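Everything on this sheet refers to the single structure shown next.
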Amino acid sequence: MPSKTSAQAADPLQLKHRLTWKDVRKNLYKYRGIYIMLIPVLIYYIMFCYAPLQGLQIAFRDFRPGRGIWGSRWIGWENFEMFFTGPYFLSRLRNTLLISLYTIVVCFPAPILFALLLNEVRNKYFKKIVQTVSYLPHFISLVVVCGLVKEFVSTTGLINQIIEMFGGEAANMLMDPGKFRGIYVISELWQTIGWNSIIYLAALAGVNTELYDAAAVDGAGRFRRIWSITIPSIMPTVIIMFIMRIGQFMSVGFDKIILLYNENIYETADIISSFVYRKGIIEANYSYSMAVSLVNSVVNFLLVVLVNKISAKVSETSLW
Amino acid sequence: MIEKKTWVDYTFDTINHIVLAAIAFVTLYPFWYVLCASFSDPNLFIRKDFVMLFKPLGFTLEAYKQCLTPRVLSGYGNTLFYVVAGTLISMFLTFLGAYALSRKGWMGKRFITLMIMFTMYFSGGIIAIYLWVEQLGLVDTVWAVLLPTALSTYNMIVMRTAFASVPESLIEAAKLDGASEFTCLFKIVIPLSQATIAVVVLFYAVWRWNDWMSATIFLRSSSLYPLQIFLREILLTSSADSIVSTGGSSVNTTALAEIIKYATIVVATVPVLCIYPFIQKYFVSGVMIGGVKE
């Protein structure tokens, strides 16, 4: 086919010899439309993802807005030392890790169980209704969700009314440091259980039904079939989702935290990223908060790389 | 598949249905409670001599009359602007990026893909973004809300997956007829990817509707605030007196303020709830496309 050979000749990447300027020019010309399209996209990434990175250096400087990022005095690791030796480091790290851990322990398995239960429902309409209802919280804005939580756990709110019905005592739970993590995790569960089950339901829909028939012929009961066919068939999905979840371990969403917390419960509710927000954006203490934020970003990035390495070795499934 | 049901099956099915119905109830009940509370008579509601609310206590529209303040209405207007303008900008960038990434042969593709993917795993954090946007002089303008979050790498990858499934031969044939890359994108690839485009448009639009972070960080003047910022003030940070406007001396201020909060939640959520049943299936398919590994 002559057309194929000419296409190959015009495409220097397919050739074995070294790239010459001529090849580069040819490629640039042949794909000029694509390069033009890339310009706005690259401008976006450079302007709003890469250019801001120059600000990272203020973690090592004594940043004064008047002098600018490059003109402020270089002070080395001082900001980091202040954070690591200060009173906040351990408590904020502990809060971040605990809130993340509790969230994973409760909110990771729940959608899987929910999907397994839904998968056992034979009535199509019942299944559809439960599914549709369970996705709903995903579409409600976080501000409204937090507003609901605050109303419900307030002294006269719904939760306290139920507690009083059972003889308990009503109290504003958001003022109680011991209850914040529980409130956070339960509201998170309410928000995510349905939505996060979608991916597992998709995996379950792909299971070969002949396997079930064969198992039934062999006398396997309901639970036996769930255990030996259903669960193994969604395991790859579960593992991938778990890896992705662990990779986000340090990046707990601080937007929900800052919507819910108040200064009475900072000791259990304030996490590293909400601390950064408060010190940086609210108190304009840029250098210090940048140092804290940098520690968080680097740990988070290393965690993603590490988790990916481990998973590539253990399960041959990796993200990239 | 015909098989005999044993008592184990019956018990399991019954418990399973009860558990799932309970989950659905717990998900839905807060919305029902809010709806009932918003129509309730404030003086009856504040006494709280009920355990669970299943219908409004009395009936009044007072809360709805008071919750639509000029601030909330201007927030509504601003949010509409951010949703429409933001989604248009986002879709434009997403189309271009996704098309480029879905085509083969151009030089530098590996490098640019790597550069784009890296941003999903490492970012400078909010302080770095804030300082940069301030340096650009965009703080307290609509651009600070629209531009820094204009493109979602995740959505672009979802879109690329759809674009890549358009047969290469169609594009090659069009190019032999002299079509440019732009013609291929707008006349062939986009018309063939409508389902995914609907998904991505909805992802962007709902995200914009709910976004309050950008506005909190970058905006100062309340004339630019989206609805979510006013919602935060009303629901989370304000006192009763600042919510209730003058007049109503016969009603308890605290009581009315609480009802107004519920009415505000209804007003802010109804648009999403109305379109939700029609759009949720697109969202579900979006999650599936995004879940597919390359």
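Just so we're on the same page: letters track the sequence lines, and every chain starts at 1. These numbers come from a predicted model, not from an experiment.
For A:N300, no part sits under 4.5 Å from any heavy atom of chain B, backbone or side chain. Only the side chain of B:Q135 comes within contact range of chain A, judged by heavy atoms closer than 4.5 Å. Contacts between A:I34 and chain B at a heavy-atom distance below 4.5 Å involve backbone atoms as well as side-chain atoms. For A:S293, the part lying near chain B is the side chain, with the backbone staying farther off; criterion is any non-hydrogen pair under 4.5 Å. For A:F126, the part lying near chain B is the side chain, with the backbone staying farther off; criterion is any non-hydrogen pair under 4.5 Å. Neither the backbone nor the side chain of A:I129 comes within less than 4.5 Å of any heavy atom in chain B. For chain A, the nearby parts of B:V26 are the backbone and the side chain; heavy atoms of each come within less than 4.5 Å. Proximity to chain B (any heavy atom under 4.5 Å) is shown, for A:I258, by both the backbone and the side chain. Using a 4.5 Å cut-off between heavy atoms, B:M156 contacts chain A through its side chain alone, with no backbone atom that close. Proximity to chain A is absent for every atom of B:F95, based on heavy atoms less than 4.5 angstrom apart. If you measure heavy-atom distances from A:Y286 to chain B, the contacts under 4.5 Å come from both the backbone and the side chain. Residue A:F63 touches chain B through its side chain alone, counting heavy-atom pairs closer than 4.5 Å. Of the atoms belonging to A:F166, not a single heavy atom falls under 4.5 Å from chain B.
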Given side chain to side chain contact (heavy atoms under 4.5 Å, CB included), test A:R222 with B:V8 step by step and report yes or no.
-> CA-CA 8 Å; A:R222 185 93 170 245; B:V8 179; 5.6 Å; no

Evaluation steps, side chain to side chain donor-acceptor pair (under 3.5 Å), between A:Y45 and B:T153 = CA-CA 10 Å; A:Y45 277 101; B:T153 305; 2.7 Å; yes

Start with the C-alpha distance between B:D9 and A:R122, add both sets of side-chain angles, then the distance that settles salt bridge (Lys or Arg N to Asp or Glu O under 4.0 Å), and finish with yes or no.
-> CA-CA 12 Å; B:D9 288 319; A:R122 293 283 156 265; over 6 Å; no

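Counting heavy-atom pairs closer than 4.5 Å to chain A, the top-ranked of the candidates B:I229, B:L147, B:I217 is B:L147. Of the listed residues A:M241, A:E164, A:K150, A:Q191, the one with more heavy-atom pairs under 4.5 angstrom with chain B than any other is A:K150. Between chain A and the residues B:L231, B:T269, B:I116, the most heavy-atom pairs under 4.5 angstrom are made by B:I116. Of the listed residues (A:V133, A:L38, A:L148, A:L136), the one with the most heavy-atom contacts under 4.5 Å to chain B is A:L136. Here A:T132 is the residue among A:V144, A:L53, A:T132 with the most heavy-atom pairs under 4.5 Å with chain B. Of the listed residues (A:G147, A:G55, A:G221, A:P137), the greatest number of heavy-atom pairs within a distance under 4.5 Å of chain B belongs to A:G147. With chain B as the partner, the residue from A:F139, A:F301, A:Y50, A:Y277 showing the most heavy-atom pairs under 4.5 Å is A:F139. The candidate from B:A100, B:P148, B:C184 with the greatest count of non-hydrogen atom pairs under 4.5 Å with chain A is B:P148. Contact tally against chain A (heavy-atom pairs below 4.5 Å) for B:I126, B:V133, B:I265, B:V206: the top residue is B:I126. Highest contact tally toward chain A, considering only B:I23, B:V34, B:T119, is held by B:T119 [criterion: heavy-atom pairs under 4.5 Å]. Note on B:T94, B:V272, B:L176, B:L151: by heavy-atom pairs under 4.5 Å with chain A, the leading option is B:L151. Most heavy-atom pairs under 4.5 Å with chain B: of the set A:L28, A:N262, A:I281, this distinction falls to A:I281.
Taking all atoms of both residues into account, the shortest heavy-atom contact from A:P52 to B:A128 is O-CB, 3.4 Å. Nearest heavy-atom pair across A:M47 and B:W132 is O-NE1, 2.7 Å. Summarising the geometry of A:G280 relative to B:I127, their closest heavy-atom pair is CA-CD1, 3.5 Å, with the distance given to 0.1 Å. Contact record, A:M37 with B:L185: CE-CD2, 3.9 Å, taken as the closest heavy-atom pair. Closest non-hydrogen pair, A:P40 versus B:L96, comes out as CG-CD1, 3.6 Å. Residues B:F122 and A:S297 come closest through the heavy atom pair CE1-CB, 3.8 Å.
Proximity of A:C146 to B:L236: side-chain heavy atoms (C-beta onward) are separated by under 4.5 Å at one or more points. Contact check for B:Q228 versus A:L142: no side-chain heavy atoms found under the 4.5 Å cut-off. Inter-residue side-chain proximity for B:W212 and A:S141 is flagged as unmet; no heavy-atom pair is nearer than 4.5 Å. Residues A:V24 and B:M107 meet the side-chain proximity criterion, which asks for heavy atoms closer than 4.5 Å. The shortest side-chain heavy-atom distance between B:W106 and A:R32 does not fall under the 4.5 Å cut-off. Residues B:F118 and A:C49 fail the side-chain proximity criterion, which asks for heavy atoms closer than 4.5 Å. Within the 4.5 Å cutoff, the side chain of A:I36 has heavy atoms near those of the B:F182 side chain. Proximity of B:F31 to A:I140: side-chain heavy atoms (C-beta onward) are separated by under 4.5 Å at one or more points.
Distance CG/A:D255 to CG/B:N210: 11.0 Å, rounded to 0.5 Å. A:M290 CE to B:Y130 OH: the interatomic distance, rounded to the nearest 0.5 Å, is 12.5 Å. Distance CG/B:L20 to CG/A:L117: 5.5 Å, rounded to 0.5 Å.
In the displayed structure, B:R110 atom CZ is contacted under 6.0 Å by at most 12 heavy atoms of other residues, nucleotides or ligands. Within a 6.0 Å radius of CH2 in B:W207, other residues, nucleotides and ligands contribute more than 12 heavy atoms.
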